[in-house]
> 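Before anything else, here's the structure in question.
All ligand and atom numbering here is 1-based and tracks the order in the structure. Remember, predicted model here, so these are calculated numbers, not experimental data.
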Amino acid sequence: MERGTDIARAVAVLRRGGLVAFPTETVYGLGADASRDDAVARIFAVKGRPRAHPLIVHLAEGAHLDDWAIEIPDVARRLAAAAWPGPLTIILKRGPRVALATTGGADTVGLRVPAHPVAQALLRAFGGGIAAPSANRFGAVSPTTAEHVVADLGEDVDYVLDGGACEVGVESTIVDLSRGRAVLLRPGGLARAAIEAITGPLAVADVAAPAAPGTLASHYAPRAQVIAVAPADVPREVAAARGRVAVLAPASAFLAWPELGAIAHHLPDDVAGMARELYAALRDLDASGVDVVIAALPPAAGLGEAVGDRLLRAAGPRKNET
Ligand code: TXA
Ligand code: MG
């Protein structure tokens with residue numbers, strides 16, 4: 001494994017079918033040539049991810065949409081024009097350039113144009129699509145720095161492009177436009193209101209939607225047990241918890257809890273700041289040997305919907321974890 005800022009080196013690795021971890025505005029991705037089954041197979045092997053779970057294909061710009069998807073509805077073009085580059089993934093019918101392994105055999109593909117300048121430089125220099133899940137082992141917390149990637153994947157990555165800490169901090173919002181009506185598969189870095197302004201009200205994913213690993217209850221989990229509750233319930237949960245207990249909450253919330261009796265981990269008071277720092281906070285708490293993290297749920301508005309979703313998943317049952 002090498003780590004640096006050399007785009008040409010990263011492109012050379014992709015061209016020979018290797019793996020490049022790269023920063024996006026949401027989280028770091030583990031990338032391979034999206035048109036090559038052999039290259040994409042390595043992603044699944046390294047992540048320990050079931051092969052039926054599809055990967056997102058990253059593109060340099062929305063103008064490339066027709067190379068990677070077919071039967072593109074007009075609403076998808078309008079949404080792409082409004083939201084890309086940015087933290088939104090659109091599910092469409094799969095085009096012929098997408099390797100079958102990339103979509104886990106599905107006839108749809110998730111497409112996204114990331115805004116991060118390093119991701120943009122990489123995609124432009126490479127020219128093709130880059131298939132990339134978050135650059136962590138399956139079921140773990142997504143990486144938001146190059147250090148996180150190295151700690152998780154180490155020698156299994158050929159090159160890590162270092163672009164510093166991710167600005168958004170939670171994964172992209174995923175909207176399925178492949179089946180007639182707009183369905184929200186995962187809340188994320190683009191707030192629901194910005195999408196609904198173009199699509200109209202989003203339906204919630206139902207059983208007919210394809211299984212997405214990000215929708216497993218156990219996903220995005222740190223080692224410590226996570227309990228996610230409304231801020232008012234935090235003191236009661238602290239009193240009931242055993243072991244080394246930490247509270248994860250906006251800084252201002254701690255003013256109401258002068259005698260908390262737990263390790264205090266402050267997040268910013270604004271939801272965008274919470275999203276940006278959430279995963280690093282969970283990693284820090286794990287590293288400090290905490291047994292229980294009691295997290296205060298933010299209001300579901302704006303990025304609060306994604307922060308709450310990730311906290312509740314981290315608090316979910318662990319039986320699906322691999
Ligand atoms: O922000 C992000 O989306 C990051 C960065 C690297 O772009 N990527 C990411 O990838 O979070 P991953 O693989 O960790 O999560 C992608 C989610 C998975 O839950 C996957 O099942 C779903 O997207 N997905 C991808 N293609 C799909 C498809 N064709 N149909 C339904 N779900 C799909
Ligand atoms: Mg992931």
> May I ask you to check if ligand 1 and Thr108 share an N or O to N or O distance below 3.5 Å?
yes
> Does the side chain of Thr89 pick up a donor-acceptor pair with the side chain of Ser172 at under 3.5 Å?
yes
> Go through ligand 1 atom by atom and flag the ones less than 4.0 Å from a non-hydrogen atom of Thr26.
1 (O), 2 (C), 4 (C), 5 (C)
> Which residue in the set Ile7, Ile130, Val13, Val160 passes side chain to side chain contact (heavy atoms under 4.5 Å, CB included) when paired with Val20?
Val13
> Quick one: do Glu147 and Arg3 make a salt bridge, cutoff under 4.0 Å?
yes
> Would you call Asp66-Arg77 a salt bridge at under 4.0 Å N-O?
yes
> Could you tell me if the side chain of Asp286 sits less than 4.5 Å from the side chain of Pro222, heavy atoms only?
yes
> Which of the atoms of ligand 1 are close to Ser134, meaning less than 4.0 Å from one of its heavy atoms?
8 (N), 9 (C), 10 (O), 12 (P), 14 (O)
> Which atom pairs, one a donor and one an acceptor, fall under 3.5 Å between side chains of residues 268-275 and the rest of the protein, sequence neighbours left out?
from   : atom 1 : to     : atom 2 : distance (Å)
Asp269 : OD1    : Ala251 : N      : 3.4
Asp269 : OD1    : Ser252 : N      : 3.0
Asp269 : OD1    : Ser252 : OG     : 2.7
Asp270 : OD2    : Gly273 : N      : 2.9

> In ligand 1, which numbered atoms sit nearer than 4.0 Å to a non-hydrogen atom of His58?
5 (C), 6 (C), 7 (O)
> Is it the case that the ring center of His266 lies less than 6.0 angstrom away from the ring center of Phe254?
yes
> Side chain, backbone, both or neither: which part of Asp176 has a heavy atom under 4.0 Å from ligand 1?
neither
> As an exercise, identify every atom of ligand 1 less than 4.0 angstrom from a heavy atom of Ile174.
17 (C), 22 (C), 23 (O)
> Among Ala106, Cys166, Gly189, Pro54, which one puts a heavy atom closest to atom 20 (C) of ligand 1?
Pro54
> Answer yes or no for Thr103: is there a heavy-atom contact with ligand 1 below 4.0 Å?
no
> What atoms of ligand 1 come within less than 4.0 Å of a heavy atom belonging to Gly29?
6 (C)
> Heavy-atom contacts with Val109 under 4.0 Å: which atoms of ligand 1 show up? List them by number with element.
29 (N)
> Do Thr89 and ligand 1 have an N or O pair less than 3.5 Å apart?
no
> Salt bridge or not between Asp233 and Arg236? Use side-chain N to carboxylate O under 4.0 Å.
yes
> On a heavy-atom basis, I'd like to know which of Pro133, Pro143, Ser142 is closest to atom 10 (O) of ligand 1.
Pro133
> Less than 6.0 Å separating the ring centroids of His116 and Phe22?
no
> What do you reckon, does Arg186 put a non-hydrogen atom under 4.0 Å from ligand 1?
yes
> Any Lys/Arg nitrogen of Asp38 or Arg42 sitting under 4.0 Å from an Asp/Glu carboxylate oxygen of the other?
no
> Got an N/O contact under 3.5 Å between Thr24 and ligand 1?
no
> Mind checking whether Glu171 has an N or O less than 3.5 Å away from an N or O of ligand 1?
no
> What atoms of ligand 1 come within less than 4.0 Å of a heavy atom belonging to Leu185?
31 (C), 32 (N)
> Ala246: which residues meet the side-chain contact (heavy atoms from CB on, under 4.5 Å) condition with it, sequence neighbours left out?
Ile263, Leu285, Val290
> Just wondering, is there an N, O or S atom on Ser134 that's nearer than 2.8 Å to the Mg ion (ligand 2)?
yes
> Heavy-atom distances under 4.0 Å are what count here, so tell me which part of Arg49 touches ligand 1: side chain, backbone, both or neither.
side chain
> Heavy-atom contact under 4.0 Å between Arg112 and ligand 1?
yes
> We want to know whether Thr199 and Arg78 form a side-chain donor-acceptor pair, criterion being a heavy-atom distance below 3.5 angstrom.
no
